[in-house]
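Proteins get letters first, then strands, A, B, ... in listed order; numbering begins at 1 in each. Since we're looking at a predicted model, the values are computed, not measured.
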2 protein chains.
Amino acid sequence: MALDSASQNQRRSAEPEVVVERLPLYVRILTRLLQEGAEVVSSQQLGEKLQVTPAQIRKDLSYFGRFGKQGRGYSVIHLLERLKLILGLNSFWNVAVVGVGRLGRAILSYPGFTPDGFHLVAAFDSNPDVVGETVAGLTVNSLEQLDEIVSSKKISIAIVAVPTEHTQGVVDRLVACGVRAVLNYAPISPQVREGVRVRNIDPVLSLQSMTYYLTDHSVE
Amino acid sequence: MALDSASQNQRRSAEPEVVVERLPLYVRILTRLLQEGAEVVSSQQLGEKLQVTPAQIRKDLSYFGRFGKQGRGYSVIHLLERLKLILGLNSFWNVAVVGVGRLGRAILSYPGFTPDGFHLVAAFDSNPDVVGETVAGLTVNSLEQLDEIVSSKKISIAIVAVPTEHTQGVVDRLVACGVRAVLNYAPISPQVREGVRVRNIDPVLSLQSMTYYLTDHSVE
DNA sequence: TAGATTGTTAATCGATTAACAATC
DNA sequence: TAGATTGTTAATCGATTAACAATC
């Protein structure tokens, strides 16, 4: 009788998504510590830098393995290496940018993605005036070419910066040709099938929740 | 004997921050419903549109008042009005942008903030070549003028898009001259005193947590 | 009135923290 | 060895969901 995949893999209890979302923060801090020449770090020290409890750090890491030494702490370089491996940050990821308006251009020109293994390898826009233009070293393709290029270039991540009303349609097409992670800048939350990840970047929501705390509620 | 402020204000249990962060989503959906001509909406219908349970919507709203009618639901226009009032979205907010590089320019030119009552009224940059330039109708000021202009223009919100190494310093200055809400685009989390709000926009973190799910973990 | 839906309390779920035996 | 710190279990905390009396 076949074992189910969970028991085959000897998996401990599944890692919550909130924990996965914190791992990149750990990677960032460890990268800085490595640059500063630190060799070992304790959960206590990491917690201080990240403003979280040491218990949370140890618990988070325990979902993925045993990386520390009692009495000593974690080797900065080894823990960093393991976390990057777990997050897939040692791989190169081909990324498409869809929508080359003002925001799309800022994203394409932003140097912050590349150091982390994200390669912007294709850009798309529906505007014929923009198609053919070179932005940040990339020639802008028309949306008609999307399916072909996404498949041929093995693009699994897309950054979508198109007008709100086109977002769901664009995301649907991307998912249909193999994209499994979408970073969306439109103020909606596109719906995708199970197994596809979406993260929304929505600064207006952030501002709108902060104003709550700037507002006097004594009379309501 | 003086009552403590909680009992003076007849406050029910304090609203959790997660709830405040959802209110702008409710405002957004209700705005759309109003445009579509809907007059009444139930927690059930709102829940379907937002992909959350109706119970969560009713519970969230209950922290701020009783807005519905049993057997009928919520008046779209009235609930929208009340939520905007609670969030301070009927006020105008003067906003400064600090850092007029590529990202700052994209932010200044982005039309999406204005409709929601956020007025970009001042821009600052440390680069003398940029100071004096006009971007999106605003003359860029030098950082020396920051304190004076933030105070005189009653700016309580700042959008910070400066290099990482200058971020904490800039935020400290902003807070010192009265800013109480910061939208930060650098890949760090600036520390601020109690009572000041910070939201970080950090697309790299979003990408880095998504790659986890694109990665094969069977051999680790 | 009968049916529908709220507002709220209680139950459940999940995430965080504390505590401590194991062990470097 | 003695001291320090992990990894993990149990306790706590907080957020979500279910259930239902109140009531439109």
Side-chain angles (χ1 to χ4, degrees), chain A residues 10-26 29-30 33 38-83 86 209 212 220, chain B residues 6 10-26 29-30 33 38-80 82-83 86 209 212 220:
Chain A
Q10 296 288 333
R11 290 275 235 91
R12 71 207 96 223
S13 57
E15 62 294 339
E17 182 141 0
V18 283
V19 175
V20 173
E21 285 175 11
R22 280 193 292 264
L23 296 187
L25 289 169
Y26 300 164
I29 289 284
L30 289 164
L33 285 169
E39 295 191 347
V40 170
V41 69
S42 67
S43 59
Q44 171 76 43
Q45 294 170 309
L46 282 175
E48 278 163 19
K49 294 196 181 288
L50 287 160
Q51 306 274 64
V52 302
T53 62
Q56 177 164 85
I57 287 174
R58 295 201 302 277
K59 180 83 168 130
D60 282 0
L61 296 178
S62 77
Y63 286 105
F64 304 97
R66 290 181 309 279
F67 307 115
K69 282 211 186 358
Q70 282 103 323
R72 200 163 145 67
Y74 302 89
S75 153
V76 171
I77 195 167
H78 288 131
L79 180 56
L80 177 58
E81 224 25 57
R82 294 296 301 276
L83 291 180
I86 289 165
S209 64
Y212 175 79
E220 277 152 27
Chain B
Q10 297 286 334
R11 291 275 235 89
R12 71 206 95 223
S13 57
E15 63 294 339
E17 182 140 0
V18 283
V19 175
V20 173
E21 285 175 11
R22 281 194 291 265
L23 296 187
L25 289 169
Y26 300 164
I29 287 285
L30 289 164
L33 285 169
E39 295 190 348
V40 170
V41 69
S42 66
S43 59
Q44 171 76 43
Q45 293 169 308
L46 282 175
E48 280 163 20
K49 294 196 181 289
L50 288 160
Q51 306 274 65
V52 301
T53 63
Q56 179 164 83
I57 288 174
R58 295 200 302 276
K59 181 85 166 121
D60 282 359
L61 297 178
S62 76
Y63 286 104
F64 304 97
R66 291 180 308 279
F67 307 116
K69 282 211 187 359
Q70 283 102 323
R72 199 161 147 67
Y74 302 89
S75 153
V76 171
I77 195 166
H78 289 130
L79 180 56
L80 176 58
R82 295 296 301 276
L83 291 180
I86 289 164
S209 65
Y212 174 80
E220 277 155 29

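Between the CG atom of A/L46 and the P atom of C/dT17 there is a distance of 15 Å, given to the nearest Å. B/D60 places its CG atom 14 Å from the P atom of C/dT8, with the value rounded to the nearest Å. Distance, A/F64 CZ to D/dT6 P: 18 Å, rounded to whole Å. Rounded to an integer number of Å, the gap from CZ of A/F67 to P of D/dG7 is 8 Å. For B/E17 and D/dC13, the CD to C1' distance is 17 Å, given to the nearest whole Å. Distance CD1 (A/I57) to P (C/dA18): 14 Å, rounded to an integer number of Å. Put simply, CZ on A/R66 is 12 Å from P on D/dT9, counting in whole angstrom units. Here the P atom of nucleotide C/dT17 and the CD atom of A/Q44 are 13 Å apart, to the nearest Å.
Put simply, the side chain of B/Y26 does not reach to within 4.5 Å of the side chain of B/L46, judged on heavy atoms. In this structure, A/L33 and A/K49 have side chains that are in contact, with non-hydrogen atoms separated by less than 4.5 Å. In this structure, B/L23 and B/F64 have side chains that are in contact, with non-hydrogen atoms separated by less than 4.5 Å. Between A/L79 and A/L61 there is a side-chain heavy-atom pair separated by less than 4.5 Å. Contact check for B/V40 versus B/K69: no side-chain heavy atoms found under the 4.5 Å cut-off. Looking only at side-chain heavy atoms (C-beta outward), B/P24 and A/Y212 stay at 4.5 Å or farther from each other.
Remark: B/S43 is not in phosphate contact with C/dT5, judged by side-chain N or O atoms under 4.0 Å from OP1 or OP2. Residue B/Q56 places at least one side-chain N or O under 4.0 Å from the OP1 or OP2 atom of D/dT16. Note on A/Y63: every side-chain N or O is 4.0 Å or more away from OP1 and OP2 of C/dT16. For D/dT16, the OP1/OP2 oxygens have no side-chain nitrogen or oxygen of B/T53 closer than 4.0 Å.
Closest-nucleotide positions on DNA chain C for B/R72 and A/P16 were compared, and the one nearer the 5' end corresponds to B/R72.
The side chain of A/K59 lies closest to D/dT9, out of D/dT9, D/dT17, D/dA22. The side chain of A/Q70 lies closest to D/dT6, out of D/dT23, C/dT8, D/dT6. Distance from the side chain of A/A55 is smallest to C/dT17 among D/dT6, C/dT5, C/dT17. Residue A/V18 places its side chain closer to C/dT16 than to any other of C/dT16, C/dT8, D/dT16.
Contacts of A/R22 classified as salt bridge (Lys or Arg N to Asp or Glu O under 4.0 Å), with partners at least two apart in sequence or in another chain: A/D60.
Base engagement by B/R58 is indicated by at least one non-hydrogen atom pair under 4.0 Å involving a base atom.
Of the possible donor and acceptor atoms, none in the side chain of B/E48 sits under 3.5 Å from a partner among the backbone N and O of B/Q45.
Stem analysis of DNA chain D (Watson-Crick or G-U pairs, both distances under 3.5 Å, runs of at least three) returns C:3-24 with D:3-24.
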